[in-house]
Amino acid sequence: MTNERVLSIPNAINLRELGGYPTSSGRTLAWHKILRSGTLSYLDADGEQALADYGVNTVVDLRSDTEVAMSPDKLLPGTDYHHLSVYPLSGQPSFWDKIRRRPHPQHRNWDLADAYLEMLVDHHALAAYRQMFALMLANTAPDHGLVFHCAAGKDRTGIGAMMIEGILGVPERVMRADYQLTNLVLANPEGMSSASVNERLLHGASAVVNEMNAETASGTTFDSVAQFVNDELGGWQKYARQELRLSAHDIQDFVRLYLEK
């Protein structure tokens with residue numbers, strides 16, 4: 001089966017492989033094991049079958065309850081589907097007090113990085129990401145793949161991808177490029193106009209999500225996340241242990257499952 005970074009499955013939005021990315025250890029991420037995507041709610045019968053034929057048997061949907069109710073995923077019967085809503089955030093008031101190097105948004109204009117940093121430590125969001133990692137650790141069959149997604153496959157999915165890549169040791173320059181690849185893919189996926197894509201992404205989303213979807217995946221936003229994780233949280237390995245509550249054994253298993261031998 002051909003290895004492709006962007007999968008050409010009909011009516012999929014921003015469906016991409018994490019396989020093939022290099023790590024600092026010299027190994028690469030395994031193909032056909034972890035995929036990232038935007039909404040799967042527009043797949044037709046051919047798209048549903050193509051996704052299954054690719055090896056995807058587990059789907060993690062990070063969208064809100066309203067988004068899912070208004071625009072549910074289209075999947076073949078028997079697909080192992082899990083709805084793990086990242087939003088709404090719990091909004092604990094002490095969050096911004098923990099960030100020494102970043103002014104509170106009430107003192108400046110809100111930007112996309114603010115939402116990303118909250119997702120990294122918010123109680124509700126972390127519960128979803130912890131369950132996502134539990135599902136990935138349980139995905140032990142070599143021919144079984146897992147796809148995680150939100151609406152555009154950029155923000156909630158982007159943070160999930162950073163967690164995965166950071167824990168597996170993907171260099172920051174590669175993580176940054178993967179994050180920004182969304183801009184190229186959403187510009188003209190499967191021949192659809194940008195306006196058509198944007199219209200599809202509005203269904204059921206909150207005003208905050210719509211605002212986030214309208215923004216591009218900028219290098220500055222990624223750099224803010226990387227700096228926060230490194231300076232405030234001690235790097236991705238420490239983040240995995242303290243925030244995602246992964247044990248040393250969990251991390252070893254994760255590496256074993258998702259890096260090429």
Side-chain angles (χ1 to χ4, degrees), residues 1-9 12-38 40 51 54-60 62 116 119-120 129 132-133 135-137 139-150 152-187 189 216-230 233 235-240 244 246 250-261:
M1 189 177 293
T2 303
N3 295 329
E4 298 178 301
R5 177 65 54 214
V6 182
L7 275 65
S8 53
I9 289 180
I13 293 178
N14 201 11
L15 176 57
R16 290 151 44 194
E17 263 277 6
L18 294 190
Y21 282 136
T23 68
S24 55
S25 69
R27 298 168 70 184
T28 58
L29 272 64
W31 291 94
H32 301 270
K33 288 296 293 179
I34 312 181
L35 294 87
R36 55 178 294 172
S37 185
L40 300 173
L51 190 65
Y54 193 80
V56 171
N57 74 311
T58 301
V59 173
V60 175
L62 301 174
Y116 285 18
M119 278 191 275
L120 284 168
Y129 288 120
M132 183 180 81
F133 272 87
L135 289 168
M136 288 189 288
L137 284 167
N139 184 36
T140 57
D143 57 345
H144 284 183
L146 176 148
V147 59
F148 62 100
H149 77 88
C150 54
K154 174 173 65 74
D155 303 314
R156 291 163 286 187
T157 298
I159 286 295
M162 291 179 205
M163 292 176 182
I164 293 165
E165 293 164 358
I167 292 168
L168 291 176
V170 175
E172 284 188 2
R173 59 177 178 78
V174 179
M175 294 171 62
R176 195 178 198 261
D178 178 57
Y179 172 64
Q180 292 192 280
L181 182 56
T182 285
N183 298 329
L184 296 177
V185 177
L186 290 185
T216 60
S218 76
T220 301
T221 298
F222 174 82
D223 292 343
S224 294
V225 172
Q227 181 178 12
F228 175 62
V229 171
N230 291 328
L233 302 177
W236 286 110
Q237 293 293 315
K238 186 175 181 180
Y239 176 83
L244 294 175
L246 297 177
D250 290 333
I251 295 173
Q252 289 174 358
D253 282 347
F254 195 66
V255 169
R256 176 178 55 81
L257 287 169
Y258 293 106
L259 291 188
E260 297 283 5
K261 303 298 187 289

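- Here the closest heavy-atom approach between residue S37 and residue V147 is recorded as CB-CG2, 3.8 Å.
- Among the candidates L120, V225, V229, the single residue satisfying the side-chain contact (heavy atoms from CB on, under 4.5 Å) test with M162 is V225.
- In this view, A141 and D143, H144 satisfy the side chain to side chain contact (heavy atoms under 4.5 Å, CB included) rule, not counting sequence neighbours.
- In this structure the side chain of Y21 never reaches within 4.5 angstrom of the side chain of M175, judged on heavy atoms.
- A distance of 9.5 Å separates CZ in R16 from OG1 in T157, rounded to the nearest 0.5 Å.
- Looking at residues two or more places apart in sequence or on another chain, you find no salt bridge (Lys or Arg N to Asp or Glu O under 4.0 Å) involving R173.
- The minimum heavy-atom distance linking M163 with Y239 is given by the pair CE-OH, 3.2 Å.
- With sequence neighbours excluded, the residues that form a side-chain hydrogen bond (donor to acceptor under 3.5 Å, both in side chains) with Y179 are Y116.
- Partners of F133 under the ring-ring contact (aromatic ring centres under 6.0 Å, His included) rule, at least two apart in sequence or in another chain, are F254.
- Of all heavy-atom pairs spanning T140 and L257, the tightest one is CA-CD2, 3.8 Å.
- The shortest side-chain heavy-atom distance between W236 and E165 does not fall under the 4.5 Å cut-off.
- The side chain to side chain contact (heavy atoms under 4.5 Å, CB included) search around Q252 returns H249, not counting sequence neighbours.
- A distance of 4.0 Å separates CG of N14 from OG1 of T182, quoted to the nearest 0.5 Å.
- Atom-to-atom distance recorded for L137:CG and D253:CG is 6.5 Å, nearest 0.5 angstrom.
- Not counting sequence neighbours, the partners of R176 by the side chain to side chain contact (heavy atoms under 4.5 Å, CB included) test are Q180, F222, D223.
- A distance of 11.0 Å separates CG in L168 from OG1 in T28, rounded to the nearest 0.5 Å.
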